[in-house]
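Only heavy atoms go into these numbers, but all of them, side chains included; no hydrogens, no water, no symmetry mates. Order of the sequence lines sets the chain letters (A, B, ...), proteins ahead of strands, with each chain counted from 1.
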Amino acid sequence: MSEEYAEAVLDVVDAIPPGRVMTYGGIAEVIFDRLGRGGPRQVGTVLSRMGGEVPWWRVVNASGRPPVPHARVALERLTAEGCPLTPDGQRVSLARAAWSPAD
DNA sequence: ACCTTGACCTTGG
DNA sequence: CCCAAGGCCAAGG
């Protein structure tokens with residue numbers, strides 16, 4: 001993964017406002033129009049290895065579920081930020097919390 | 001060059 | 001809603 005690609009990912013994630021979220025696929029799209037490469041998996045790879053400095057808990061999969069390894073923490077932080085969750089409190093309500101740079 | 005491995009996505013049953 | 005299958009992109013052995 002190029003340094004350039006990694007930076008692009010971290011930039012986008014860093015811009016997500018509290019209480020809002022973006023999906024791996026969504027982030028991948030934004031970056032694709034900018035760099036012309038990369039997909040959801042690449043975004044996940046970058047975050048898994050270098051996501052420590054950004055609000056990674058605001059990134060969820062297409063189903064609104066936070067990354068499995070840190071689901072607990074993520075859900076706690078999201079709740080603390082007032083992010084809308086589904087009744088079971090296990091998934092983010094994408095309909096209400098989805099965000100995009102254009103927003 | 002071939003195969004395996006992911007913090008993924010979409011579709012169909 | 002859950003699961004399986006196939007598709008996906010890039011890195012590493």
Side-chain angles (χ1 to χ4, degrees):
Chain A
M1 203 64 67
S2 70
E3 180 81 22
E4 181 185 40
Y5 193 84
E7 268 181 47
V9 173
L10 299 179
D11 277 1
V12 175
V13 176
D14 209 37
I16 306 174
R20 307 299 297 287
V21 302
M22 269 193 89
T23 64
Y24 291 91
I27 295 172
E29 280 183 50
V30 171
I31 295 179
F32 192 89
D33 327 304
R34 203 196 304 168
L35 303 180
R37 53 199 169 79
R41 313 198 77 133
Q42 283 51 251
V43 174
T45 300
V46 170
L47 285 166
S48 75
R49 307 196 296 202
M50 314 173 274
E53 303 291 308
V54 296
W56 55 265
W57 58 90
R58 298 187 189 139
V59 180
V60 299
N61 65 29
S63 311
R65 288 183 175 294
V68 180
H70 311 72
R72 290 295 172 77
V73 205
L75 259 358
E76 288 174 13
R77 296 188 179 180
L78 287 170
T79 302
E81 299 181 348
C83 181
L85 304 179
T86 50
D88 55 37
Q90 299 302 291
R91 309 184 308 99
V92 168
S93 173
L94 291 177
R96 289 181 293 163
W99 182 83
S100 93
D103 204 49

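- Between the P atoms of dC9(C) and dT11(B), the separation comes to 16 Å (whole Å).
- Protein atom CD of Glu3(A) is 13 Å distant from nucleotide atom P of dA11(C), rounded to whole Å.
- Residues Pro67(A) and Val59(A) come closest through the heavy atom pair CD-O, 3.6 Å.
- Comparing Met1(A) and Arg65(A) along DNA chain C, the residue whose closest nucleotide (by nearest heavy atom) sits nearer the 5' end is Arg65(A).
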**OP:** Any chance you could list the contact pattern along nucleotides 2-13 of chain B? Use B for base contacts, S for sugar-phosphate-only contacts and - for none, protein heavy atoms under 4.0 Å, 5' to 3'.
**Re:** ----BBBSS---

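- With contacts defined as side-chain heavy-atom distances shorter than 4.5 Å, the pair Pro55(A)/Asp14(A) qualifies.
- Counting non-hydrogen atoms of neighbouring residues, nucleotides and ligands closer than 6.0 angstrom, the CD atom of Glu81(A) exceeds 12 such neighbours.
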Subject >> Stepwise salt bridge (charged side-chain N to carboxylate O under 4.0 Å, His left out) check, Arg37(A) with Glu4(A) >> reply: CA-CA 11 Å; Arg37(A) 53 199 169 79; Glu4(A) 181 185 40; 2.8 Å; yes

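- In this entry the distance linking CD of Glu4(A) with P of dA11(C) reads 12 Å, nearest Å.
- Side-chain N or O atoms of Arg96(A) include none that pairs as donor or acceptor with a backbone N or O of Pro84(A) at under 3.5 Å.
- Contacts between residues 82-103 of chain A and DNA chain B, defined by a heavy-atom separation below 4.0 Å, involve no residue at all.
- For dG7(C), the paired nucleotide is dC8(B), the pair qualifying as Watson-Crick or G-U wobble because both relevant distances are below 3.5 Å.
- Taken to the nearest 0.5 Å, the OG atom of Ser48(A) stands 9.0 Å off from the NE2 atom of His70(A).
- When both distances must be under 3.5 Å, the Watson-Crick or G-U wobble mate of dG13(C) is dC2(B).
- One distance of note links CZ of Arg91(A) with CG of Asn61(A); it measures 9.0 Å at 0.5 Å rounding.
- Partner assigned to dC2(C) is dG13(B), using Watson-Crick or G-U wobble distances below 3.5 angstrom.
- Considering Leu94(A), Asp103(A), Val30(A), Val60(A) as possible partners of Met22(A), the one that fulfils the side-chain contact (heavy atoms from CB on, under 4.5 Å) test is Val30(A).
- Taking each heavy atom of Gly38(A) and Tyr5(A) in turn, the nearest pair found is CA-OH, 3.6 Å.
- Remark: C1' of dC8(C) and CZ of Phe32(A) are 12 Å apart, rounded to the nearest angstrom.
- Atom P of dA7(B) sits at a distance of 22 Å from the matching atom of dG6(C), rounded to the whole Å.
- As a whole-Å value, the separation of Arg37(A) CZ from dA11(C) P is 8 Å.
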